[in-house]
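For clarity, every value in this text was computed on a predicted model and none was experimentally measured. Just so you know, residue 1 is the first one in the sequence shown, and it goes up from there.
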Amino acid sequence: MITSAVRVLVVDDEPALRHTVSRILADEGYQVSTAADGEEALTTAADVRPTIILCDLRMPRLGGLEMLERYQAGGGNALVIAMTAYGDVETAIGAMQRGAYDYIAKPFHAEEVVLVVRKAVERERLLARVQALESALEHRQAPGMIGASRSLRDALDVARKVARYPSTVLVTGESGTGKELLARLVHDESPRAAAAFVAVNCGAIPESLLESELFGHVRGAFTGAVADREGLFAEAEGGTLFLDEIGELPFQLQVKLLRALQESEVRPLGGSAARRVDVRVIAATNRNLGEEVAERRFREDLYYRINVVSIHLPALRDRSEDIPVLAQHFVRRYGQLLAMPAADISPEAVSALARHSWPGNVRELENAIERALVLAGGGTVEVAHLPWIVNGEQPPAGASRSSTDADLSVKRRVRELERSLIASALDRTAGNRTHAARLLDLSHRALLYKIREYGLGT
């Protein structure tokens, strides 16, 4: 856990002691807040969300034991370290029985304060690391990261090398190749693994809300802003912020993102004061940002700022040797999820899968396997259970028609073709309507209208 990301709340009714302990911990690099009694501590804790609370047990208005009970009853999860007079150890033990992590007896030396806080931080770090390792093991078995092809192994090797450094990473690749999984792998193997991994799709949030989502806003910044709100940068403090589809970021917000990356600070919408942030940014895109820069749709300075280390995830058609392994993985996975213990897949079906180009990449393959298992009734998936576009059979009625029996109505055929193209574009972009509109050469508004018209929004 990075020291600067650890927030300590010091609670004591003696101003001199509060000041001394605060100075000791601030010199160690911790973010320190103070409170004069239990009531003030509860209010401050709700605002700063401390990692550790150093709390005197005997205070006016609201003592430490009562504050501890109310804090934990309200969902507070910081580690509480009781501070008590030398002759009042029994009270400190009682505090530990009520949920305090440790205690320290007054008077104490600076080294004692540093040591007890450091032990608490280490405990949190180890617990978080265990959770991160368990998560990482799950992610290692995730579909986008399975395979032995050279191109995938090269991408994973770069990800593991860059993980230990704070450098900004740009992950490129088509939709469905597993860019977020790779970003999570970088986070999980980094020193920031104990902190948050926060993901946001820049193309899925309306432009009018995206600035507030990223940087936060203050009360009254716009209609409906009834309270201050921290943005995703603040939420990812000490951890990693994953900006998926960064190529969709509006041009005017690119300037603010560049400043946030360069200055390590963000300014909430409508606010006058900037806030320092300690966040590692990983960006991803399925666009060619070099071409976007050349067309002046993406800022050149931001491009070079996020492209410190670039990792390209290959399309599934470029690592077809991994398809059999992925297919078997999905059969096992969905066999368990769908309670199909006899689920299997035939060699012929695997061969058919390996011959397909998979424009939707791993996500499309996953969906095809789940569908095939359902059609196979939980038994062995055969070629006939695969989507017609994969197994080479004639498409079902309504999907396409031969020229000999085609409906010759121009109006009906144009609508069929238009609906098919829109459905294909939405599938290829994993539902990203902004990207789909670009592929279809339609305005975003026109695409939304046609999605409703053809019932493709479900």
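- Proximity of Val362 to Phe330: side-chain heavy atoms (C-beta onward) are separated by under 4.5 Å at one or more points.
- The closest donor-acceptor contact from the side chain of Tyr71 to the backbone of Ala78 lies under 3.5 Å.
- Ring geometry for Phe242 against Phe197 counts as parallel: the plane angle stays under 30°, on a 0 to 90° scale with 60° as the upper cut.
- Taking all atoms of both residues into account, the shortest heavy-atom contact from Leu373 to Gly335 is CD1-N, 3.9 Å.
- With Glu237 contributing its side chain and Asp278 its backbone, the two residues share a donor-acceptor pair below 3.5 Å.
- By the neighbour-count criterion of 12 heavy atoms within 6.0 Å, atom CG of Asp441 is sparsely surrounded, having that number or fewer from other residues, nucleotides or ligands.
- For the atom pair NZ (Lys119) and CG (Leu79), the distance works out to 12.0 Å, reported to the nearest 0.5 Å.
- Residues Phe298 and Asn288 are not in side-chain contact: their nearest non-hydrogen atoms beyond the backbone lie 4.5 Å or more apart.
- Here OH of Tyr30 is found 13.5 Å from CZ of Arg7. Values are rounded to the nearest 0.5 Å.
- Using a distance-only test at 3.5 Å, with no hydrogens or angles considered, no donor-acceptor pair links the side chain of His329 to the main chain of Pro324.
- Remark: the backbone N or O of Arg219 is paired with a side-chain donor or acceptor of Asp228 at under 3.5 angstrom.
- The 12-atom threshold is exceeded at CZ of Phe251, counting heavy atoms of other residues, nucleotides or ligands nearer than 6.0 Å.
- With hydrogens and angles disregarded, a donor-acceptor distance shorter than 3.5 Å links the side chain of Ser190 to the backbone of His187.
- Counting heavy atoms from C-beta on, the side chains of Leu182 and Leu156 come closer than 4.5 Å.
- Side-chain contact check for Gln254 versus Leu258: every heavy-atom pair is 4.5 Å or farther apart.
- Listed by first then second residue, pairs satisfying salt bridge (Lys or Arg N to Asp or Glu O under 4.0 Å) with a partner in residues 320-331 read Arg319-Asp322, not counting sequence neighbours.
- The salt bridge (Lys or Arg N to Asp or Glu O under 4.0 Å) test applied to Asp157 returns no partner, not counting sequence neighbours.
- When the shell of 6.0 Å around CZ of Arg49 is examined, it contains 12 or fewer heavy atoms from other residues, nucleotides or ligands.
- For Glu248, the salt bridge (Lys or Arg N to Asp or Glu O under 4.0 Å) partners two or more places apart in sequence, or in a different chain, are Arg287, Arg438.
- Under the 3.5 Å distance criterion, the side-chain polar atoms of Arg192 are matched with a main-chain donor or acceptor of Gly239.
- Between the side chain of Ser310 and the backbone N or O of Asn307 there is no donor-acceptor pair closer than 3.5 Å.
- For the pair Arg280 (side chain) and Thr240 (backbone), a donor-acceptor distance under 3.5 Å is absent.
- For Arg276, the CZ atom is densely surrounded, since the number of other residues' heavy atoms within 6.0 Å is greater than 12.
- Thr172 places no side-chain N or O within donor-acceptor distance of the main-chain N or O of Thr285, the cut-off being under 3.5 Å.
- The line from OG1 of Thr434 to CG of Leu439 is 11.0 Å long, rounded to the nearest 0.5 Å.
- Under the 4.5 Å side-chain criterion, counting only non-hydrogen atoms from C-beta, Ile323 is not in contact with Val350.
- Side-chain contact between Ile451 and Leu426 is present, with at least one heavy-atom pair separated by less than 4.5 Å.
- For Tyr334, the side chain to side chain donor-acceptor pair (under 3.5 Å) partners two or more places apart in sequence, or in a different chain, are Glu366.
- When all heavy atoms are compared, the tightest approach of Asn361 to Ser175 is ND2-O, 2.9 Å.
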Q | Leu326 vs Leu353, side-chain contact (heavy atoms from CB on, under 4.5 Å): CA-CA, chis, key distance, verdict | A | CA-CA 10 Å; Leu326 283 163; Leu353 294 172; over 6 Å; no

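- Contact between Ser320 and Ala354 at its shortest, heavy atoms only, is CB-O, 4.1 Å.
- At a threshold of 4.5 Å between non-hydrogen side-chain atoms, the residues Leu241 and Val277 do not count as touching.
- Note that CD of Gln328 is 11.5 Å distant from CD1 of Ile146, once rounded to the nearest 0.5 Å.
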Q: For Glu235 and Leu232, run side-chain contact (heavy atoms from CB on, under 4.5 Å): C-alpha distance rounded to whole Å, both residues' side-chain angles, the deciding distance at 0.1 Å, then the answer.
A: CA-CA 5 Å; Glu235 186 178 331; Leu232 296 180; 3.5 Å; yes

Q: Could you give me the CA-CA distance, side-chain angles and deciding distance for Leu289 and Ile246, then say whether side-chain contact (heavy atoms from CB on, under 4.5 Å) is met?
A: CA-CA 9 Å; Leu289 288 188; Ile246 194 170; 4.2 Å; yes

Q: Test Val171 against Val169 for side-chain contact (heavy atoms from CB on, under 4.5 Å), laying out the working first.
A: CA-CA 6 Å; Val171 185; Val169 177; 4.1 Å; yes

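- Taken to the nearest 0.5 Å, the CG atom of Leu214 stands 6.0 Å off from the SG atom of Cys202.
- Taking 4.5 Å as the limit, some side-chain heavy atom of Leu257 sits within range of a side-chain heavy atom of Leu243.
- When all heavy atoms of Glu382 and Ala349 are compared, the pair lying nearest together is C-CB, 3.9 Å.
- With values rounded to the nearest 0.5 angstrom, Leu210 atom CG is found 9.5 Å from Asn201 atom CG.
- The backbone N or O of Leu313 lies less than 3.5 Å from no partner atom in the side chain of Lys179, so there is not a single donor-acceptor pair.
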N/O donor to acceptor pairs below 3.5 angstrom from side-chain atoms of residues 262-274, sequence neighbours left out:
| residue | atom | partner | partner atom | Å |
| --- | --- | --- | --- | --- |
| Glu265 | OE2 | Arg259 | NH2 | 3.2 |
| Arg267 | NH1 | Ser272 | O | 2.5 |

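- Nearest heavy-atom pair across Leu447 and Ala436 is CD2-CB, 4.0 Å.
- Nearest heavy-atom pair across Thr380 and Ala376 is O-CB, 3.8 Å.
- Shown here are the side chain to side chain donor-acceptor pair (under 3.5 Å) partners of Arg70, two or more places apart in sequence or in another chain: Glu39.
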